[in-house]
Amino acid sequence: MTVEVEAGRGLGVLRDARLLALDAAEQIAATNGVCIRPLVHRRVDIATGRSDMVHVPCGARLEAKCPPCAKRNRQVRRAQCREGWHLEAEPPMAGVGGPVTVAEPGETGDGQRWLVEMRADLEAQREVAACMGADTAGLEAAIVAVEAEIGAAQDRAAQYDTEALAGQNRGHRVRSTRRRQDAPDLPRRTMWDTTVGRTYAAPDGRVYRPSMFITLTLPSYGRVRGGVPVDPGTYDYRRAARDALHFSKLVDRFVQNLRRVAGFSVQYFASVEGQKRGAPHLHMAIRGTLPRAELRQIIAATYHQVWWPAADEAVYEGDRLPVWSEGAEGYVDPASGEVLPTWDEALDRLGVDEDAAPLHVARFGVQHDVQGLLAGTADADQRVRYLTKSLGETVADGEDGGAARRAHVARLVAALRYEPCSPVCSNWLRYGVQPRGAVSGLVPGWCRGKAHRAEQLGYGGRRVLVSRRWSGKSMGDHRRDRRAWVMAALGLDETPDAHRYMWRRVAWDETDVGSLALGLLREVASRQRWRAELERLRARADDPPCDSETTVLGNTDVLIGG
């Protein structure tokens, strides 16, 4: 017994020592700008057969990014914002001169993903066997069989999408586009095929091409002081919750109205962050300018109507909830057994009701800010940093505010709990409607949607909104540009060969992966060597670097490994 206790105590001490070592390694890695939550991939060189373990930063793949990856993404976003804001010519992007059409990939099922992963594993095994001189006939036959199954799965998916689209077209609903009587009309100008704003000539002959920075907020739901309602009893939490849920759609409407009034395809870089009161608000950089009077008119005239079934009075609550019926393939009333209307049936009833009103109408508040800016000024650079300062945070991040604000946030989360966030939200069962694509096990108040999380406070959209023709580059393009500059400064030739390597995601518990702490320390050593070389090159430079080079060299922790 004593031996067993001592052995168990020894294992506990060893485990604690490993955890302390990992904690120290993570702190060192974060200080040196190394991703502390890397994804491990096995990279097989097809030419030589060599297999290596490679750490891929989590920033481009995981929603919850580690601090170094969040910092790296902020720097890339700043470069993207700065490059596209004050362009004097059209960005080099396909689609200029007409609408840009992007084919969206369809959803891939678990079965298809499993087949593709198996195909990648078989290919890696075949390449390794070929390099070692082993027989590959069996592996090649297996690859052919898996490819045939992948093709059959794709055909089935295409047929399903075609049938679903046909069903949607048969049930397509058309609503009147007449504007609300309580919203002012907007002028409509002839659209010009351009994305850059107009220029203005000064009396001294200088020509300026200004741009704009706009801040938009939601309306008031009651008096607040320091981010906390003065009277929580009269604060309209339901309206605040619904405005937050549909804020992204309201922003889309604003962009549509903005382009219609401006007469050209206005391009924008925007970020959404939370106010102290918990409501989302928008900061938007716009290329080009409009008269402030027209902008005020556009803001006042922008609204978004939510044409959903009624969700004001609960039909089922407490222990009396709809139950799933296998025979009916849907949810039924627990007492009468009557099948609840589906989402499409509920919308059909709403469509034929001439007296129907939208569930909610979202609008902007009266408080807004409009600023004109010129390229290269300190104000413009400050706004770029302001647009990206909160990236990596959530809407609820910010000052704690004490017990009063925590109580306010708790009341807002409670108001969001039973609000439907989308057509597939399980909260529709509370109001007597089956969600779209309903399955067994749905419970009102327990929707897994992003908008219902306490840290999101109702906003489930993207935090960064960038128009397609902003800078002519994607985030990947900006990352590659910055990395290419560093590689050129180091004198390294990095010509990518897309067909040389085979990649496969591996788990940390595989035998040959190694410890995470050791892997982080190796990445730190590599990062320090690169940084030292860049500092040496900067010291040797005869001329001071340009602005872009200063940005790159000043953020080597962000660039290396990105």
Check: When rounded to the nearest 0.5 angstrom, what is the spacing between CZ in R463 and CZ in R77?
Finding: 11.5 Å
Check: side-chain contact (heavy atoms from CB on, under 4.5 Å) with S211: which of R383, H86, Q371?
Finding: H86
Notebook entry, point to check: Can you name the residues that form a ring pair (Phe, Tyr, Trp, His ring centres under 6.0 Å) with Y200, not counting sequence neighbours?
Noted result: none
Next item on the list: Report the C-alpha separation of I298 and R260 in whole Å, then their side-chain angles, then the decisive distance to 0.1 Å, and conclude whether the side-chain contact (heavy atoms from CB on, under 4.5 Å) test is met.
Entry: CA-CA 10 Å; I298 294 171; R260 186 176 74 172; over 6 Å; no
Item checked: Rounded distance (nearest 0.5 Å) linking atom CZ of R453 with atom SG of C447 -> 10.0 Å
Notebook entry, point to check: Between CZ of R436 and OG of S422, what distance do you get to the nearest 0.5 Å?
Noted result: 9.0 Å
Note to self: Test your reading of the model: is there a side-chain donor-acceptor pair from T388 to the backbone of V384, 3.5 Å cut-off?
What the structure shows: yes
Next item on the list: Decide side-chain contact (heavy atoms from CB on, under 4.5 Å) for H41 and R43; before the verdict, give the C-alpha distance in whole Å, the side-chain angles of both, and the deciding distance to 0.1 Å.
Entry: CA-CA 6 Å; H41 286 70; R43 184 182 66 181; 5.9 Å; no
Checklist line | W470 (side chain) donor-acceptor with Q80 (main chain) under 3.5 angstrom | finding: yes
Item checked: N/O donor-acceptor pair under 3.5 Å between H281 side chain and L218 backbone -> no
Margin query: Within this structure, what is the CG-NE2 distance for the pair L216 and H283, rounded to the nearest 0.5 Å?
Written below: 9.5 Å
Note to self: Could you work out, with ring pair (Phe, Tyr, Trp, His ring centres under 6.0 Å) as the rule, every residue matching H304, not counting sequence neighbours?
What the structure shows: none
Item checked: By ring pair (Phe, Tyr, Trp, His ring centres under 6.0 Å) - contacts of H246 (at least two apart) -> W308
Note to self: So that I can tick it off, tell me whether E88 and R209 are bridged by a salt bridge, with the cut-off set at under 4.0 angstrom between side-chain N and carboxylate O.
What the structure shows: no
Notebook entry, point to check: Of all residues at least two apart in sequence or in a different chain, which pass the side chain to side chain contact (heavy atoms under 4.5 Å, CB included) check with D379?
Noted result: L373, T377, Q382
Margin query: Using the side-chain hydrogen bond (donor to acceptor under 3.5 Å, both in side chains) definition, which of the options Q267, R469, E90, R468 pairs with T195?
Written below: E90
Check: Is there a donor-acceptor pair under 3.5 Å between the side chain of R363 and the backbone N or O of Y303?
Finding: no
Check: Can you find a side-chain donor-acceptor pair between Q75 and R72 that sits under 3.5 Å?
Finding: no
Checklist line | Distance (rounded to the nearest 0.5 Å) between R287 CZ and S471 OG | finding: 8.5 Å
Checklist line | Partners meeting side-chain hydrogen bond (donor to acceptor under 3.5 Å, both in side chains) with Q367 (sequence neighbours left out) | finding: none
Item checked: Between CG on residue L245 and CG on residue L416, distance to nearest 0.5 Å -> 5.5 Å
Notebook entry, point to check: With F254, which residues qualify under ring pair (Phe, Tyr, Trp, His ring centres under 6.0 Å), at least two apart?
Noted result: F364
Notebook entry, point to check: Would you find a donor on one side and an acceptor on the other, under 3.5 Å apart, between the side chain of R242 and the backbone of H360?
Noted result: no
Item checked: D252 side chain vs K249 backbone, donor-acceptor pair below 3.5 Å -> no
Next item on the list: Check whether any side-chain N or O of S271 sits under 3.5 Å from a backbone N or O of L387 as a donor-acceptor pair, and report yes or no.
Entry: yes
